[in-house]
2 protein chains.
Amino acid sequence: MMIDKSSAKPYYEQIVLLIKAQVLQGILQPGERIASVREMARQLLMNPNTVSKAYKMLEMQGVIMTVKGRGTYIAEQQATVRDDVKIAQIKHKIQDLVLEARYLSVDKTELTTWITEQYGRGQVNAND
Amino acid sequence: MMIDKSSAKPYYEQIVLLIKAQVLQGILQPGERIASVREMARQLLMNPNTVSKAYKMLEMQGVIMTVKGRGTYIAEQQATVRDDVKIAQIKHKIQDLVLEARYLSVDKTELTTWITEQYGRGQVNAND
DNA sequence: TTGTGTGTACTACGTATAATAATACAGTGT
DNA sequence: ACACTGTATTATTATACGTAGTACACACAA
């Protein structure tokens, strides 16, 4: 877990993405306990409120579960229902991404390769 | 030219992306004059300062050229030199994009299809 | 020359977001 | 009782965004 202080992304958002990535890669397993708000804040050298905000968002997204007085745990990952609104948002991001790529002389093949690399990371169904 | 007031993207950034997209699609040709700062502000119902900020960034990126007292024009589009820093930024955006896509059950094939659609827009070399 | 339009620069103001700081409260388990 | 947990609240600081108003130097046509 490392936070990029120079990133334009806010700290809490970086935490959200890190946790989600680790869940997707199987590094964090459902039922597993993660660091408490205060402990995580100590590790990342930041304010507990910021970590709390990240956990709050992760719980809203169903990635984690919080139990009062006990701690925070990775939730059972449910099959996501396709959300048309979010799909539209992704398509919009792709629009900006391709625009930027083309201005950098990155062709479709190269971009697709990088996409494939990212899909390679993380086991969809671990069987070992 | 339409600005999305409800978008999380700042106005000036939306203008930058719109102009760049239109240049890439050939809608705006090199040498062609675009609306002045004040005229564009009137059309988009926003402050001239915001448009000026967008034009400033577009000029830094070599997309447009400004001539004092005369106006603003589309620059000759130069063959971009590959910028390793910007390439790394794109790869990082892809990382976030794929993460989000996988949480929405969007598989690699579907994502690649959308990418291809975006590359389809805009003529690389118009020959008519 | 006068007038209009151009890019540019500057200050000021209001608003929203992000992050920190310091408390406080209720629940859990030893 | 004690220490830890998540959660909520208020306050403060810093930054970004957008608007508003003003000003200056340049280009060009009447």
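A note on names: the letters A, B, ... follow the listed sequences, proteins ahead of strands, and every chain is numbered from 1.
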Using atom [atom1] of [X] as one end and atom [atom2] of [N] as the other, report the distance to the nearest whole Å.
X	N	atom1	atom2	value
A/Ile3	C/dA18	CD1	P	14 Å
B/Met65	D/dC26	CE	P	18 Å
B/Asn49	C/dC10	CG	C1'	10 Å
B/Tyr73	C/dG7	OH	C1'	11 Å
B/Lys56	C/dC10	NZ	C1'	11 Å
B/Met57	C/dG7	CE	P	18 Å
B/Leu44	D/dT19	CG	P	10 Å
B/Lys5	D/dC17	NZ	P	17 Å

Tell me which nucleotide among [options] gets nearest to the side chain of [X].
X	options	answer
A/Glu59	D/dT7, C/dT8, D/dG18	D/dT7
A/Pro10	C/dC10, C/dA19, C/dG7	C/dA19
A/Arg38	D/dG6, C/dT6, C/dA19	D/dG6
B/Ser36	C/dT6, C/dC10, D/dT7	C/dT6
A/Tyr12	C/dT6, C/dT20, C/dA18	C/dA18
B/Tyr11	D/dT19, C/dG27, C/dT8	D/dT19
A/Asn47	D/dG18, C/dT20, D/dT19	C/dT20

- Task: Decide whether a cation-pi geometry holds between B/Lys108 and A/Tyr119; the criteria are a distance under 6.0 Å from NZ or CZ to the six-membered ring centre and an angle within 45° of the ring axis.
- Result: no
- Message: Whether the side chain of A/Arg70 and the base of C/dG29 hold a donor-acceptor pair under 3.5 Å is what I'd like checked.
- Response: no
Does the side chain of [X] get closer than 4.0 angstrom to OP1 or OP2 of [N] through an N or O atom?
X	N	result
B/Thr72	C/dT6	no
B/Ser52	C/dA9	no
B/Thr50	D/dT19	yes
A/Lys53	C/dA18	yes

- Query: Is it true that a side-chain atom of A/Tyr55 and a backbone atom of A/Thr66 form a donor plus acceptor pair closer than 3.5 Å?
  - Reply: no
NZ/NE/NH1/NH2 to OD/OE distance under 4.0 Å, [X] and [Y]:
X	Y	value
B/Asp96	A/Lys9	yes
A/Glu39	A/Arg33	no
A/Glu117	B/Lys91	no

- Hey, which sits more toward the 5' end of DNA chain D by its nearest nucleotide, A/Pro48 or B/Gly69? A/Pro48
- Item | side-chain hydrogen bond (donor to acceptor under 3.5 Å, both in side chains) involving A/Asp83 - partner list, sequence neighbours excluded | none
- Could you check B/Glu39 against A/Lys9 and say which one's nearest nucleotide on DNA chain C is further toward the 5' end? B/Glu39
